[in-house]
Each structure stands twice: as structure tokens, then as C-alpha cells.
Amino acid sequence: MPRDALVVLGIETSCDDTAAAVVDGSGVRSDVVWSQDLHAKYGGVVPELASRAHASQVVPVVRAALAQAGVQRPDAIAVTAGPGLMGAVLVGLCYAKGASLGWGVPFIGVNHLEAHLLSGLMEPEPPAFPFLSLVVSGGHTTLYAVRGLSDYTVVSETVDDAVGEAYDKVARMLGLGYPGGPAVDRLAALGDPAAIAFPRPRLARVLDGVRQPVDDMSFSGLKTAVRAALERQPNLAPADVCASFQQAVVDVVCSRVRAAATQGDIREVTAGGGAAANSGIRAGLGALGLRVVLPPRGRCTDNAAMIAHLGRLKLLSGAPSDTLDRTARSPWSPGA
Ligand code: KG4
Ligand code: ZN
């Protein structure tokens, strides 16, 4: 089969989005995401409710993706096999196994984080190896040096909260609902980023041209500093709190990317994961003087196009498809 002709159905059910997409050599032919708003009233994702919602939505979402792409039967299926909520991952994985048997086509289980870290490759002018990839999601914050498919080195990662998690917690303190990242991002646009001097834990500096070692990030202390400020001064303008918090996050994250680029002589950077949709992080990365390739916001948050794309890359590079004894895996580091 010519490379362009391989039509892959992607399925993503690792957290609170039920998603399916069809990708072939010409690009993304359909990309359907059903977001489970039902968790909002609990202030966070309730795993059992997520699994139930995936179980009821996976069939209509896959049907919609196939119909929009005008495809009756894909050539292969790529599915998130972890990391994520175990019950949620299993809904997609078991559905993919059944569909693979029914259609008589291969399936491949892929790593959700690896899909985020390679999302930039779907862009019209993708980054070229080697590049840096910043994965900032609800559960992970890791900066990788990417030298090829499956060749990833962790350059820096959070020792405590993930960036998305810190946004969600700050949103909760301010009563902005869940998921909090987009709400804090919107409010930050209306505030003064210099209003409150929040700490910048573990900021990387290049002092007098002397390179500092790139080491880990931390966001838990920053989150606690926001809580303490709100307790001390309950009348702080929420927009100023959001803008000042966001600026501190951006300074820390971007300092790590800059240090890694300087140390490794890597000139291209991409990002993925929900918090890569953040306006401040996007602007901060754009100001580093590197070549920056950012997926559109909808391809930063959870989607199945990235899953189909990664599965397709793997199959085309000769990776074996999976057998029915394939199980879900969490935790699971990309490339491991
Ligand atoms: O990648 P994702 O959709 O799901 C996971 O794999 O975790 O990321 C979800 C996270 C949530 O914590 C959400 O608050 C955060 O990404 N997020 C944002 C923004 N949009 C989503 N954080 C900051 N700014 C945003 N615009
Ligand atoms: Zn994700």
C-alpha cells in the first residue's frame, strides 16, 4: 500500500474527552471530540463517571468521525493505551480490539503523552529533529529533547504539581469552576501581570553567559503562594491574581526551555497538552528567539487526531501492530 493511502482511525478515552479521528497521508480527515461536561459540578474528573460516559459515547463518536471522513472501514486503528484513568483507557482499548476483530484490520495501542509531544509534527511546517517538546497537561509537565521517533530524553520535569493542575487549583481558589485553565487564562488577559510578585521557583538563569544546568520545575509552592496572598488580601482583583500567577508560570517554564535550547544547541521547540493552549505560554515560547511550532489550541487539549497520527507514524516506521492480549498501561513514560 502506498504510504499516503494508509487510513488510520484514532480513538482517545484516557480522561474526560471521548474522541475519534481519521488521519491519512493528506492529513486530518475528521476530528470529533465529545467533552464530558458532567464533571464540572464535582470540581474535577470523577473516574467512574468518566468511564460510564466513554462507554455510552464511544460508538456514536467513532461513527461520526468515520462519517465525516467518508470512510467505512479504516486500514488500521490507533488507540490510547495509557497513561490515564484505567477504566477510561480500557473503554477505548476494548472497543478498538473489538473493531479490529470485526473489520479484520490491525490495531496499535499508543502512549497519550507521546501523542501530545509529537502533535507539532501534524502542522504544515513541522519541527525537524532534534527539537524540544514541552508537554504541559493536567497530570504531566515535562520538557523533552526529541531526536527521532521513540527517541526522547527528559530534560526537565515538575517535581510536584503539573502546570494544568496548578491552573485548576488556582481556579478553584477563585471559584472559577472546572476545568480551570481556560478560565484563568481568559481572566489573566484582563489583569496586570506585575500586580503581585509571586515567587518563580526553580527559575533557570543564564548568568553572564554561564549556562546553568537544566533541572526540574516546581509549581506547588507557587500555587501555595497564591492561596496565601488570597488569605492575606481577600480583596485582590481576581484578574490581577490570574495575570500575576500566569506570568510566574510562563517565566519558569520558558526559562527551562531557553536553558535547554542553549545547552543542547536545539533551535526548534513545540508544545502539547492542554496548558499548551494557554495564551501566556504560547506568547512566552514565541518570544524565546527559537523556531516555535505550536499546534492549534484544539490539538493541544485531548483529541484523537494526535492518536491516529502517532499510530500511523509507528505503523509506517515498521512498528508491529498489537495483539488481543495488549493491556492498558499507567503510568507509562513516552518511549519506554
Ligand atoms: O491534555 P489535557 O486536555 O488532558 C490531560 O491529558 O491532562 O489537559 C488538561 C489540562 C487541564 O488541567 C486544563 O485546566 C489545562 O489543561 N488547560 C489549560 C488551558 N486549557 C486547558 N491551562 C491553562 N490555560 C489554558 N488555556
Ligand atoms: Zn492529554
Side-chain angles (χ1 to χ4, degrees), residues 10-19 21 31 33-37 39-40 43-45 47 50 54 79-86 88-89 92 110-120 133-142 158 161-174 176-191 219 222-223 226 241-243 245-250 252-253 270-285 294-307 309-310 330-334:
I11 299 173
E12 155 61 37
T13 63
S14 68
C15 190
D16 59 347
D17 294 296
T18 314
D31 186 4
V33 182
W34 187 81
S35 292
Q36 302 178 358
D37 298 334
H39 303 285
V45 180
H54 287 307
V79 60
T80 302
L85 304 171
M86 211 29 131
V89 172
V110 302
N111 182 305
H112 179 91
L113 294 173
E114 187 176 5
H116 276 312
L117 88 87
L118 294 181
S119 286
S133 183
L134 175 71
V135 177
V136 272
S137 69
H140 296 86
T141 294
T142 310
T158 181
D161 289 0
V163 167
E165 184 183 357
Y167 268 88
D168 292 334
K169 287 176 177 168
V170 166
R172 188 182 298 189
M173 292 173 208
L174 293 169
L176 298 176
Y178 181 88
V184 172
D185 193 1
R186 276 193 300 274
L187 208 47
L190 309 174
F219 299 97
L222 171 58
K223 166 201 70 190
V226 174
V241 175
C242 291
F245 162 74
Q246 182 153 303
Q247 192 58 53
V249 170
V250 171
V252 171
V253 166
T270 183
N278 182 266
S279 326
I281 291 179
R282 295 174 83 85
L285 291 175
L294 295 175
R297 288 185 158 82
R299 295 262 160 76
C300 292
T301 47
D302 287 349
N303 66 90
M306 66 177 190
I307 303 299
H309 171 254
L310 174 58
S330 194
W332 179 17
S333 299

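For ligands, and for the atoms within them, numbers begin at 1 and follow the listed sequence. Numbers for residues simply follow the sequence, beginning at 1.
If you number the atoms of ligand 1 from 1 as listed, the ones under 4.0 Å from a heavy atom of H116 come out as 1 (O), 6 (O). Of all the atoms in ligand 1, the ones that sit under 4.0 Å from a non-hydrogen atom of G164 are 12 (O). Ligand 1 places these atoms under 4.0 Å from at least one heavy atom of T301: 3 (O). For ligand 1, the atoms closer than 4.0 angstrom to any heavy atom of G273 are 1 (O). Taking every non-hydrogen atom of A277 and a distance limit under 4.0 Å, the qualifying atoms of ligand 1 come out as 26 (N).
Taking each heavy atom of P295 and A271 in turn, the nearest pair found is CD-O, 3.1 Å. Among all heavy-atom pairs drawn from C242 and L176, the shortest one is SG-CD1, 4.2 Å. Counting all heavy atoms, side chain and backbone alike, A50 lies closest to H39 at N-CE1, 3.6 Å.
The CG atom of L294 lies 6.0 Å from the OG1 atom of T270; values are rounded to the nearest 0.5 Å. The structure places CD1 of I307 at 9.5 Å from CD of E114, a figure rounded to the nearest 0.5 Å. From D168, atom CG reaches atom CE of M173 across 11.0 Å, with rounding to the nearest 0.5 Å. From D16, atom CG reaches atom CH2 of W34 across 10.0 Å, with rounding to the nearest 0.5 Å. Between N278 atom CG and R186 atom CZ the span is 11.5 Å, to the nearest 0.5 Å. A distance of 12.5 Å separates NE2 in H309 from CG in D31, rounded to the nearest 0.5 Å.
Scanning the protein heavy atoms around atom 10 (C) of ligand 1, the nearest turns out to be G138 N, 3.5 Å. Summary of contacts: the protein heavy atom closest to atom 22 (N) of ligand 1 is G181 CA, 3.4 Å. In this structure, the protein non-hydrogen atom closest to atom 6 (O) of ligand 1 is H112 NE2, 3.2 Å. In terms of protein heavy-atom proximity, atom 21 (C) of ligand 1 is nearest to G274 O, 3.4 Å. When only non-hydrogen protein atoms are considered, atom 24 (N) of ligand 1 lies nearest to N278 ND2, 3.0 Å. Nearest to atom 2 (P) of ligand 1 among the protein's heavy atoms is D302 OD1, 3.3 Å.
Proximity of R186 to ligand 1 is not established, as no heavy-atom distance is less than 4.0 Å. Ligand 1 is approached by P182 to a heavy-atom distance shorter than 4.0 Å.
Among T18, T80, N303, the single residue meeting the side chain to side chain donor-acceptor pair (under 3.5 Å) criterion with E12 is T80.
The side chain of D168, and not its backbone, has at least one atom closer than 4.0 Å to an atom of ligand 1 (non-hydrogen atoms only; side chain from C-beta on). At a 4.0 Å heavy-atom cut-off, ligand 1 does not touch H140 at all. Of the heavy atoms in D185, only side-chain atoms (C-beta onward) come closer than 4.0 Å to ligand 1.
In this structure, the side chain of R172 engages the main chain of G43 through a donor-acceptor pair within 3.5 Å.
At a threshold of 4.5 Å between non-hydrogen side-chain atoms, the residues D185 and Q246 count as touching. V253 places a side-chain heavy atom less than 4.5 Å from the side chain of V163.
Nearest to the Zn ion (ligand 2), among the N, O or S atoms that D302 has, is OD1.
For a threshold of 3.5 Å applied to N or O pairs, the pair formed by D17 and ligand 1 contains no separation below that value. The shortest N or O to N or O distance between P179 and ligand 1 is not below 3.5 Å.
In summary, no N, O or S atom of H140 is located under 2.8 Å from the Zn ion (ligand 2).
The Zn ion (ligand 2) forms the vertex of an angle spanning NE2 of H112 and NE2 of H116; to the nearest 10 degrees it equals 90°.
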